[in-house]
There are 4 protein chains.
Amino acid sequence: MGGTKHQRRGDTRRRIQDVALELFAEQGYEKTSLREIAERLAVTKAALYYHFKTKEDILVSLFQDMTRPMDELIDWAKEQPHTLATKQEVLRRYSEALAAASPLFRFMHENQATVRELSVGESFKDRMVVMMEIIKEPHMPLVDQVRCVSALFTMHAGMIALRDVEGDPEEKRKAALEVAIDLVTQAHGGTGGA
Amino acid sequence: MGGTKHQRRGDTRRRIQDVALELFAEQGYEKTSLREIAERLAVTKAALYYHFKTKEDILVSLFQDMTRPMDELIDWAKEQPHTLATKQEVLRRYSEALAAASPLFRFMHENQATVRELSVGESFKDRMVVMMEIIKEPHMPLVDQVRCVSALFTMHAGMIALRDVEGDPEEKRKAALEVAIDLVTQAHGGTGGA
Amino acid sequence: MGGTKHQRRGDTRRRIQDVALELFAEQGYEKTSLREIAERLAVTKAALYYHFKTKEDILVSLFQDMTRPMDELIDWAKEQPHTLATKQEVLRRYSEALAAASPLFRFMHENQATVRELSVGESFKDRMVVMMEIIKEPHMPLVDQVRCVSALFTMHAGMIALRDVEGDPEEKRKAALEVAIDLVTQAHGGTGGA
Amino acid sequence: MGGTKHQRRGDTRRRIQDVALELFAEQGYEKTSLREIAERLAVTKAALYYHFKTKEDILVSLFQDMTRPMDELIDWAKEQPHTLATKQEVLRRYSEALAAASPLFRFMHENQATVRELSVGESFKDRMVVMMEIIKEPHMPLVDQVRCVSALFTMHAGMIALRDVEGDPEEKRKAALEVAIDLVTQAHGGTGGA
DNA sequence: AATGAATGAGCCTTCATTCAT
DNA sequence: AATGAATGAAGGCTCATTCAT
């Protein structure tokens with residue numbers, strides 16, 4: 001006993017999430033049908049509705065499970081002073097959070113148009129805006145603000161565009177992080193400034 | 001005079017493209033139906049099919065019309081020596097091409113998952129890869145390669161994430177360009193000046 | 001001069017008929033679209049409407065052009081006495097008429113369901129009925145009536161099913177004719193009867 | 001009691017097949033729309049798609065259900081010696097199989113052009129070819145080969161052309177069978193008796 | 001003699017969703 | 001915990017046909 005049956009008991013929900021994320025990331029949200037998800041799991045579409053109220057709900061659940069680390073990061077950051085050191089630490093942690101939630105993040109990035117009018121889209125955008133507020137300062141010269149934005153984007157790019165570049169993913173992540181830290185440092189009048 | 005009838009004669013094709021781009025950019029490709037496009041133009045769906053063979057064809061036509069400047073840039077760049085000065089000039093021109101084709105570019109960026117399996121997706125990715133090859137050098141340290149990738153992304157970000165930042169679009173573009181040039185310059189070991 | 005331009009002047013109508021017959025026979029009436037016909041002729045659909053009022057009209061015109069020999073045969077047969085000799089001669093002529101209008105005939109045979117509710121369908125069926133009346137006699141025993149029906153069908157089969165059998169078409173036609181004549185002869189108490 | 005609800009439960013699939021066959025036979029495959037089938041059953045089009053993957057699939061299912069007897073006949077015939085007696089027995093059984101599957105057969109005959117490029121078309125033709133191989137011998141004189149082909153066609157004609165002739169269907173079938181047997185017997189050089 | 005532009009109707013198909021069991 | 005059966009809405013696409021030029 002303790003066989004697969006018991007192990008599988010109750011994990012259908014998770015299996016749905018896994019398959020859904022895989023397919024969403026691969027083909028996009030719209031192009032992935034519930035039929036497809038159900039077929040891959042060898043259950044009926046109706047079974048999905050036992051576990052989730054709507055298609056969007058599956059996405060929401062994925063989102064919630066995977067952005068918790070990011071939310072914690074934001075909460076932590078809000079209590080810290082707005083120093084360069086804090087920002088560097090935020091970038092470091094953000095980079096790790098990103099890596100942990102990598103497939104969802106890729107999905108979010110590649111399906112912005114779709115996701116924009118989903119409830120999840122707002123949350124995602126909100127989080128981005130908060131991150132921006134943490135990293136950049138409104139009084140900075142425009143160029144330095146761009147540097148801060150770019151720092152964040154560089155880490156995203158690290159997960160997306162760098163996939164075609166040779167090399168170990170972890171090393172690429174670190175390289176992206178280094179560049180990002182560089183950028184905010186410069187924005188703060190670091191070695192690159194006057 | 002010259003009444004609307006004559007003005008409208010023959011420009012239906014362009015009007016379809018205009019409306020389509022607008023809707024594609026706003027809601028995404030999948031979520032935009034031909035019915036919607038047709039309705040907005042006050043023609044029937046069948047009329048769209050007189051001008052374009054398929055829905056995808058509309059997208060392709062947009063793509064072709066708008067990437068020509070970018071192709072010319074690529075062709076020009078290929079004939080230049082791989083010097084830092086060339087790359088800086090490439091970035092400058094790329095920034096302009098981007099600005100000119102801005103809505104389509106935004107669309108491409110926000111619909112990557114969808115666009116990936118459309119014929120147009122390949123072309124887009126190919127172009128990105130070529131741009132990368134022009135900007136970065138394979139023998140560079142990984143961090144500098146990331147800087148180059150980031151330079152390109154910064155300009156994209158300039159059109160997307162910076163929309164929430166206050167300021168004149170043209171100034172933001174220039175700021176993004178400056179940061180991008182900075183990044184490749186650093187990748188080339190330069191201090192930016194000498 | 002006297003070039004292709006003059007030769008082609010006025011023969012568009014015939015060219016439409018030719019292509020239409022070819023496509024109708026190959027793919028059926030419903031599955032052949034006017035677009036397809038127009039494309040093969042390198043004209044626009046609208047051009048077809050200059051020459052024919054409707055799609056069905058094209059079919060009607062083909063039918064009229066090609067059934068004239070058969071109508072003449074029927075007219076002739078009606079004036080002859082209902083003797084075995086007459087019937088044999090009718091079969092002979094019918095066989096030739098069939099061969100001459102072979103593609104249309106094949107089409108009619110293979111598209112009965114479609115053609116049934118076209119004006120042309122009635123005409124076709126009428127003609128078949130008349131042919132039957134000429135060949136068979138109402139007072140004949142059922143088996144002999146079947147022989148007569150079969151005689152006609154044998155010749156049709158000669159053009160359709162026999163296409164897979166090796167041999168010269170003309171020889172196959174003659175063989176089918178021979179069997180058909182045999183059948184009516186037997187129906188008339190020939191060698192096969194008492 | 002035994003209310004219609006329970007009787008109707010689970011037989012929707014069969015009801016679709018029934019209505020479809022009826023309409024296909026009446027108007028042809030192309031001209032019969034799924035809307036029409038659905039309306040007649042008082043269900044939605046989507047319901048048809050729950051039971052069949054495509055429109056063609058409905059036809060395939062009809063075909064499979066109804067040609068099984070014919071396939072059994074073919075299998076049986078292949079194991080028998082190629083004697084005249086065997087062939088006569090084959091014709092007898094074929095005639096019965098034909099009568100049992102009569103509406104589908106009529107449909108196949110009247111929609112050859114359409115059916116030809118459907119998967120079902122090939123199967124149908126294959127079966128015809130096999131039947132021919134069983135009935136006729138390649139070394140026979142051409143005229144006798146035609147007799148064999150004609151024997152098969154006579155039975156088909158028995159179901160189609162004879163519909164206009166007065167008389168009991170079963171008697172007409174027997175008459176057609178008799179003529180068919182006569183034809184193969186003659187093809188084998190027999191006088192019919194000895 | 002033929003085209004360019006468009007229409008209205010309809011087609012097959014897919015989707016997310018529901019609900020009784 | 002999940003299925004079988006079905007729905008309503010919509011989607012992309014094709015067709016025969018029209019008409020001003």
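Computed from a prediction, not measured in an experiment: that's the story for all the values here. Note: hydrogens, waters and symmetry copies are ignored here, and every other heavy atom, side chains too, is used. Convention: sequence-line order gives letters A, B, ...; per-chain numbering from 1.
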_Steps toward side chain to side chain contact (heavy atoms under 4.5 Å, CB included) verdict (D:Glu56, D:Val120)_ = CA-CA 9 Å; D:Glu56 188 174 346; D:Val120 129; 5.7 Å; no
Comparing nearest nucleotides in DNA chain F, the 5'-proximal residue of the pair A:Tyr50, C:Lys53 is A:Tyr50
Result for 5'-nearest mapping on DNA chain F, choosing between D:Ala47 and C:Thr32, is D:Ala47
- Query: Can a donor-acceptor pair under 3.5 Å be found between the side-chain atoms of D:Lys55 and the base atoms of E:dT13?
  - Reply: no
Practice problem: Ignoring hydrogens and angles, state whether a donor on the side chain of D:Glu30 or C:Thr114 is under 3.5 Å from an acceptor on the partner side chain. | Solution: no
note: A:Glu56, atom CD; E:dC15, atom P; distance rounded to Å ~ 18 Å
In whole angstroms, the gap separating P of E:dA16 from NZ of B:Lys31 amounts to 12 Å
So CD1 of C:Ile16 and CG of C:Leu21: to nearest 0.5 Å the spacing works out to 13.5 Å
CZ of B:Phe24 to CG of B:Leu59, rounded to nearest 0.5 Å, is 6.0 Å
If only side-chain N and O atoms of [X] are considered, is one of them under 4.0 Å from the OP1 or OP2 phosphate oxygen of [N]?
X: D:His51; N: F:dG4; result: no
X: D:Thr44; N: F:dA6; result: no
X: D:Arg35; N: E:dC11; result: yes
X: D:Thr12; N: F:dA5; result: no

Original post:
Hey, does the Lys NZ or Arg CZ of B:Lys31 hover above the aromatic six-ring of A:Tyr29, less than 6.0 Å from the centre and inside 45° of the axis?
Top reply: no
Every stem of 3 or more Watson-Crick or G-U pairs under 3.5 Å that DNA chain E joins, in order of first number, is E:2-21 with F:2-21
Step-by-step side chain to side chain contact (heavy atoms under 4.5 Å, CB included) determination, A:His109 to B:His109
CA-CA 8 Å; A:His109 214 260; B:His109 218 260; 4.1 Å; yes
